[in-house]
Amino acid sequence: MDNPTGVLSREQKKKIIPYLLIAPVVIYYILFWLLPVVRAISGSFMSAPADEGGVFTFGNYTALFKDPVFYQALFNTAFIVLISVTLEFVLAFGLALLINMKFHGSGMFLFLALIPMSLPAVAVGAMWTSGLSTYGWLNSFLIRIGILNAADKIIFLGGGHFAKMFLIIIVDAWQVIPSVMVILLSGMQALQPEMMEAGYVFGGSRFKVLRKITIPLLKPTITTAMILRIIAAIQIWLIIVMLFGYNRLPVLLEQIVLNVDKYTGSEAFFRKGMALSVVVSLIVSCVSFLYLKVSGAFDEPAGKGV
Amino acid sequence: MPVLELKDIAKQYNKRVWGVQGMSLDVEDKEFIVFLGPSGCGKTTCMRMIAGLEETTRGSIILQGKDITDLPPRDRGISMVFQNYAIWPHMTVYDNIAFALKLKKLPSSEIKSRVEEVADMVKIGTMLSRFPGQMSGGQQQRVALARALAVRPKLFLMDEPLSNLDAKLRVIMRTELKAIHQRTEATSIFVTHDQSEAMSMADRIVIMKDGEIVQVGTPEDVYFRSADIFVAGFIGTPPTNFFYVDVKKENGCTILDHEFFKAELGKEDSDRLSGYEEIVLGVRPEDFILNKEGNGILKSQVLVVEPQGAHQVVALEVEGNIIKTLVPSDHSLRPGDNISFDFDMRHLHFFDKQTEKRIS
Ligand SMILES: Nc1ncnc2c1ncn2[C@@H]1O[C@H](COP(=O)(O)OP(=O)(O)OP(=O)(O)O)[C@@H](O)[C@H]1O
Ligand SMILES: [Mg+2]
């Protein structure tokens, strides 16, 4: 083809344009995501920075895997994830169903339910710390309304290991239920009401229709909500530190922060923290992959739907 | 005893909006009833009240002698085909059809034979293991039908089931639906706003307007004895033409006097119109008879010709109104031609000018 105007033919230009368009994203991705990841991974296998005479080593990992606190953190995290995600999901689903019934005032209810979502995690931490301390507002409130005797204030933050974890689960649930609910609610509102109505006409009770129709149809939404929640729950740490301080209830992310950020000056801790962050990333990826696999997100789609 | 009795049922959606204002109707056993009316007249609302998907504000619904007004949908023994099919995309065709049967805890051999029977009836017998997403709109429609037939309902509701199909398929499905009805003899209510669909399928047509019933009758009733101007204008394609005319006596005969024509009435019609001075005359397009000599009752010029095959629709302009007539295709007509018509005096419709009701 004769090509008087430029170096590239029309065909070639057409092929190149999409790549040009995504180039900024690719560059951003390489600079701010891929590079740090590569450096974290490579750094976790070094005893010190290369220019300070560091050498290749598995030492950071062996140190990590010999540390009993790591296993404690692993267990605590797993426990919190399992219970809190289940609890949050069930409650959020119930709330979403309730609001979706569009009763009188459901709009106001939705607004109130969304308030916790709008608070930053630090504010939530501060609120609960001041609330749960022995002289905090929660005890005052319970005493004021007469449920509690002034003499037996509850020492919320001083409970045992599991009491601590349940406290964290409750506080976390309080904050994230609204976001899960909003995702589920938007999924519910996107369903054609006739799908459920047909269920009722053809002999379904409320429960049967929920189980056989609503939930299966909501599956893509549920998968999204669950995966977001699982990932976020594995990464819980700030609220724990704010309520109890470091090392009182070890969890994975808190341990990273502790090793990398708090034990300043110690190369060994810093390196162990890097190894831990690689391990946590691996865990998150594996759990997400497993969940998607089990929930059938990789299966051939059954069809384009109605 | 009627299968279904609607006793003055009404639905108020909110302070200002009434979906249905008050409907009373008896549906006999094995009847095929069609609800017909313009958009927003309350057809869907009425169906949904019968099915139990919408609360009934006033009145009662009696099915086979039992008051079902406040029963939940699943206890009514009614099945329904939804306008958008509403078949479940996550279930196979088989599971869609078997849903209600499984909930009734029928033995699985019985479920299987029933599913196969209805699937064959609607010609999707070979697609039972497919998912709805892998089927065309027309096939999905058949699944919805099979699902509704499988439960052998006391009453079979269909809300504009054909409106999402293309014109050709609609006509085919119309015939098939009628054949299925003749075979199953299920008492049915069918909603449409397509009057030709209504005419071709119904035992009786219920014509609705603004949440009320205007006329109930056989297709012949509503066509030849339309209850008012609304019905006459709604039924038939093209619809009835209307003329405001004066009723006069001349030499002992009753004359309909219009600026463009005068028509002399026979004895029977004259008696019907005694006492009226002004009326609305309705003439159906096919009741204009072409007068080849050019000295008919109404003389005008051809405005537009719309060929339809065996006949043609010839539009005229009379007093600023478009009048549509049906003329056999063997007369070749062109815009601007002079044309003259007689009226078929047996089929004239007279309506009261004030009440718009039929004068009988
Ligand atoms: N959920 C609702 N809330 C308030 N008003 C409604 C609701 N559903 C219907 N209406 C009103 O009730 C009236 C009847 O509606 P309906 O859906 O029964 O009409 P229709 O005859 O089925 O019309 P179409 O042929 O367009 O389907 C309309 O005026 C409509 O605006
Ligand atoms: Mg409708």
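Here is the naming used below: chain letters follow the sequence lines, and residue numbers restart at 1 for every chain. Keep in mind that this is a model prediction, so the values were computed, not measured. Hydrogens, waters and symmetry mates are skipped; everything else that's a heavy atom, side chains included, is used.
Both the backbone and the side chain of A:Lys212 come within less than 4.5 Å of a heavy atom in chain B. Using a 4.5 Å cut-off between heavy atoms, B:Ala148 touches chain A through backbone and side chain atoms alike.
A distance-only check finds a donor-acceptor pair linking the side chain of A:Gln175 to the backbone of A:Leu119 [under 3.5 Å]. Put simply, the side chain of B:Asp26 never gets that close to the backbone of B:Glu5: no donor and acceptor are under 3.5 Å apart. In terms of modelled atom types and a separation under 3.5 Å, the side chain of B:Gln139 and the main chain of B:Ser136 share a donor-acceptor contact.
The shortest distance between side-chain heavy atoms of B:Glu160 and B:Lys43 falls below 4.5 Å.
Heavy-atom pairs under 4.5 Å with chain A peak, among B:Lys102, B:Met91, B:Arg48, at B:Arg48.
Within residues 58-82 of chain B, the residues approaching chain A closer than 4.5 Å by heavy atoms are, in numerical order, B:Pro73, B:Arg74, B:Ile78, B:Ser79, B:Met80, B:Phe82.
Residues A:Met181 and A:Ala96 approach most closely at CG-N, 3.7 Å, considering heavy atoms.
Between B:Lys123 and B:Glu176 there is a salt bridge, since a side-chain N of the basic residue sits under 4.0 Å from a carboxylate O of the acidic one. The existence of a salt bridge linking B:Lys112 and B:Glu116 is confirmed by a sub-4.0 Å separation between a basic side-chain nitrogen and an acidic carboxylate oxygen.
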